[in-house]
Visitor: 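Got a structure for you, written out below as structure tokens; questions coming shortly.
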Amino acid sequence: MKRRFFLEPPEIVAPQLLGAILAHHTPSGWLAGRIVEVEAYLGPHITATPDPAAHSFRGPTDRNRVMFGPPAHAYVYFIYGMYFCVNVTCEPEGRAGCILIRALEPLLGREQMTANRHLPATTSDFNLTAGPGRLCQALTITRPAHNGLDLLDPHSSLRLFQDNFTRTPHEVTPRIGIRHAADLPLRYSLTGNPCVSKASAPRASRNQKP
């Protein structure tokens, strides 16, 4: 994937990420899944459509500084005291556009993914990688190890790839599981894919997503 692809605003990049591959090179080999669901989060420079659900809304902090850095880097955060979530930065440095990866379709290392999630081998792909916390557990993505990594660097352990996948139609819906700006149509998913996560009740505002 080319760096210039990630210089566009998140609402442009997000649907084009559908069908791409997120891969983690681990000691046990590659773990990889196809991206089937994402959410766009707008940077604080957007004044016409404020996005208080974004971690960047109040400006840079130690926690979100990666969001204000160069595009195509991993922003990983810890939420609810138990889950990691992985995001992709976009837009030129300083603008803090970001895309949350919400669901994957397993491609490589499925047996290891089930072991990472302490699930039986017969578990469904939905139970394995549908939802941002689940997919990070399955691919062993954590903030200490992966926050700030360049997803296009061939030496990075966490990478984004494209193959010859023909992208199927996608749906655009409001984001889910958030309290602020919940009506913005910034969630994108491959239509009919069984790994797309399901809507849940909004969380308290202190648990904002990126």
Visitor: How far apart are the C-alpha atoms of R102 and I35, what are their side-chain angles, what is the distance that settles it, and do they pass the side chain to side chain contact (heavy atoms under 4.5 Å, CB included) test?
Guide: CA-CA 8 Å; R102 284 203 55 90; I35 299 172; over 6 Å; no
Visitor: With a 6.0 Å cut-off on the ring centroids, do H55 and Y77 count as close?
Guide: yes
Visitor: If you take all heavy atoms of T89 and P70, which pair is closest and at what distance?
Guide: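 Between these two residues, the closest heavy atoms are OG1-O, 2.9 Å.
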Visitor: Please check if any side-chain donor atom of S189 sits under 3.5 Å from a side-chain acceptor atom of H170, or the reverse.
Guide: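 Judged by distance alone, the side chains do not pair up.
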Visitor: Aromatic rings F161 and W30: how do their planes relate, parallel, tilted or perpendicular, breaks at 30° and 60°?
Guide: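 Correct class here is perpendicular.
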Visitor: Is the shortest heavy-atom distance from the side chain of V38 to the side chain of R187 under 4.5 Å?
Guide: no
Visitor: Sequence neighbours left out, what passes salt bridge (Lys or Arg N to Asp or Glu O under 4.0 Å) with D163? Give chain and number order.
Guide: R34
Visitor: Run the side chain to side chain contact (heavy atoms under 4.5 Å, CB included) test on T129 and E105 for me, step by step, so that the C-alpha distance in whole Å, both residues' side-chain angles and the decisive distance to 0.1 Å come before the verdict.
Guide: CA-CA 7 Å; T129 51; E105 180 181 330; 5.9 Å; no
Visitor: Tell me the closest heavy-atom pair linking T140 and H146, and the distance in Å.
Guide: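 In terms of heavy atoms, the two residues are closest at O-CE1, 3.3 Å.
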Visitor: Under 4.0 Å between a side-chain nitrogen and a carboxylate oxygen: does that hold for R175 and D183?
Guide: no
Visitor: Indicate the atoms forming the closest heavy-atom contact of Y188 with A40, along with that distance.
Guide: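 For Y188 versus A40, the nearest heavy atoms are CE1-CB, 4.2 Å.
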Visitor: For a quick test of reading the model, state the closest non-hydrogen atom pair linking C136 to V86 and the distance between them.
Guide: SG-N, 3.6 Å
Visitor: Under the side chain to side chain contact (heavy atoms under 4.5 Å, CB included) criterion, do I101 and V88 qualify, and how do the steps go?
Guide: CA-CA 8 Å; I101 300 179; V88 182; 3.9 Å; yes
Visitor: Heavy-atom distance under 4.5 Å between the side chains of S157 and H24, does that happen here?
Guide: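 Heavy-atom side-chain distance check passes, below 4.5 Å.
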Visitor: If you compare all heavy atoms of C98 against all heavy atoms of P10, which two are closest, and at what distance to 0.1 Å?
Guide: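 Closest approach of C98 to P10, heavy atoms only: O-CB, 3.7 Å.
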Visitor: Within the structure provided, determine whether V76 and N87 are in side-chain contact (heavy-atom separation under 4.5 Å).
Guide: no
Visitor: Just checking, any donor-acceptor pair under 3.5 angstrom between side chains of S197 and E37?
Guide: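 Checked: S197/E37 side chains pair up, N/O donor to acceptor below 3.5 Å.
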Visitor: Show your reasoning for whether side chain to side chain contact (heavy atoms under 4.5 Å, CB included) applies to V13 and I99.
Guide: CA-CA 8 Å; V13 177; I99 299 159; 3.5 Å; yes
Visitor: Before accepting this row, confirm whether a basic side-chain N of the pair R3/D150 lies closer than 4.0 Å to the acidic partner's carboxylate O.
Guide: yes
Visitor: Which pair of non-hydrogen atoms, one from E11 and one from L42, has the smallest distance, and what is that distance?
Guide: OE1-CD2, 3.4 Å
Visitor: Can you find a pair of side-chain heavy atoms, one from L17 and one from M1, that are under 4.5 Å apart?
Guide: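 L17 vs M1: side chains touch.
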Visitor: With sequence neighbours left out, what residues match R95 under side-chain contact (heavy atoms from CB on, under 4.5 Å)?
Guide: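 H45, E91, P92.
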Visitor: Check for me whether R134 meets the cation-pi criterion with Y83, that is, NZ or CZ under 6.0 Å from the six-membered ring centre and within 45 degrees of the ring axis.
Guide: no
Visitor: Looking at side-chain heavy atoms only, is the closest gap between N147 and F84 below 4.5 Å?
Guide: no
